[in-house]
Amino acid sequence: MRKRLALARVSPVLLQLYRDEDMSFAQLSAFTVSDDHERQVTVWNALPSWNREAHSIRRALTEEMIAATDKRVQFIGGLAAYEEAGGAVKRDLFDDRNAGYAVDAALVEKLVAEKLGATAASVRAEGWKWVECSATAHAGYHAMKRHYPEGIALSEEDQAALDAAQT
């Protein structure tokens, strides 16, 4: 019943395209993730005809939302933790997983920062002098070269200690 009601909230322009068989049911159902008729029509017109698959439509309509499968949402404890913090969730009734989307990206970022801060505080409590947490990897990480360990010769005293330990 809810799926049919969601289809009724799709733009009349798009419903007419479906009636005229210029759009598939999968494409029409992808538009139910948004209730904004103007945005729905804009997305349909903006997508090239060769890329109007349901997943492309859904991705375009939810580009400002954060999927439940996103690593940030998973890090904070999933959509349940996000909802407990007062965040709104948009669910796609035609998605088999029905994972949903976090609507408030700023709240997700805030919750990630708070959890990273708590983790950093616990590491500092272990005695570390410098702790820095970031939700994203710095772009320079990919340009760093790999360094392999190099063996060094032991002093006579250290070699004797090593030999004694091994025996």
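Positions are given from 1 along the sequence. This is a predicted model, so every value here is computed, not measured.
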Considering all heavy atoms of both residues, which atom of [X] and which atom of [Y] are nearest to each other, and what is their separation?
X: L154; Y: L162; answer: CD1-CD2, 3.7 Å
X: L79; Y: A68; answer: CD1-CB, 3.5 Å
X: Q40; Y: S11; answer: OE1-N, 2.7 Å
X: A30; Y: A54; answer: CB-O, 3.5 Å
X: V108; Y: A102; answer: CG2-CB, 3.8 Å
X: S34; Y: D36; answer: OG-N, 3.2 Å

For this session: List the steps and the verdict of side chain to side chain contact (heavy atoms under 4.5 Å, CB included) for F75 and L116.
Result: CA-CA 9 Å; F75 177 69; L116 284 174; 3.7 Å; yes

Going from [atom1] on [X] to [atom2] on [Y], what distance comes out if it is rounded to the nearest 0.5 angstrom?
X: E64; Y: D104; atom1: CD; atom2: CG; value: 12.0 Å
X: M23; Y: R52; atom1: CE; atom2: CZ; value: 8.0 Å
X: T69; Y: Y101; atom1: OG1; atom2: OH; value: 7.5 Å
X: S56; Y: L47; atom1: OG; atom2: CG; value: 6.5 Å
X: R58; Y: Q27; atom1: CZ; atom2: CD; value: 11.0 Å
X: D22; Y: L17; atom1: CG; atom2: CG; value: 5.5 Å

For this session: Decide yes or no on side chain to side chain contact (heavy atoms under 4.5 Å, CB included) for V73 and Y82, but give the supporting numbers first.
Result: CA-CA 8 Å; V73 174; Y82 167 76; 5.6 Å; no

Exercise. Same cluster or not: are V13 and L61 linked, directly or through other Ile, Leu, Val, Met, Phe, Trp or Tyr residues, by side-chain heavy atoms under 4.5 angstrom apart?
Worked result: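 Per the 4.5 Å side-chain linkage, V13 and L61 are co-clustered.
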
Exercise. Can you check side chain to side chain contact (heavy atoms under 4.5 Å, CB included) on W44 and R39, steps first, answer last?
Worked result: CA-CA 9 Å; W44 177 257; R39 177 103 172 102; over 6 Å; no

Seminar exercise, completed: Residue pairs passing the salt bridge (Lys or Arg N to Asp or Glu O under 4.0 Å) test with at least one member in residues 69-89, sequence neighbours excluded, are D70-R72, R72-E109, E83-R91

Exercise. Does a donor on one side chain sit under 3.5 Å from an acceptor on the other, for D163 and Q159?
Worked result: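 Side-chain D/A pair, D163 to Q159: present.
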
Problem set entry | Chi angles and distances behind the side chain to side chain contact (heavy atoms under 4.5 Å, CB included) call for V89, V103 | CA-CA 6 Å; V89 174; V103 177; 5.9 Å; no

Exercise. Is atom CD of E157 surrounded by more than 12 heavy atoms (other residues, nucleotides or ligands) closer than 6.0 Å?
Worked result: no

Problem set entry | Greater than 12 external heavy atoms within 6.0 Å of K110's NZ | no

Problem set entry | Heavy-atom donor-acceptor pair, S29 side chain to F25 backbone, under 3.5 Å |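 The answer is yes, because a donor-acceptor pair under 3.5 Å joins these two groups.
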
Problem set entry | Partners passing salt bridge (Lys or Arg N to Asp or Glu O under 4.0 Å) against R59 (at least two apart in sequence or in another chain) |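 Listed in chain order: nothing, the list is empty.
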
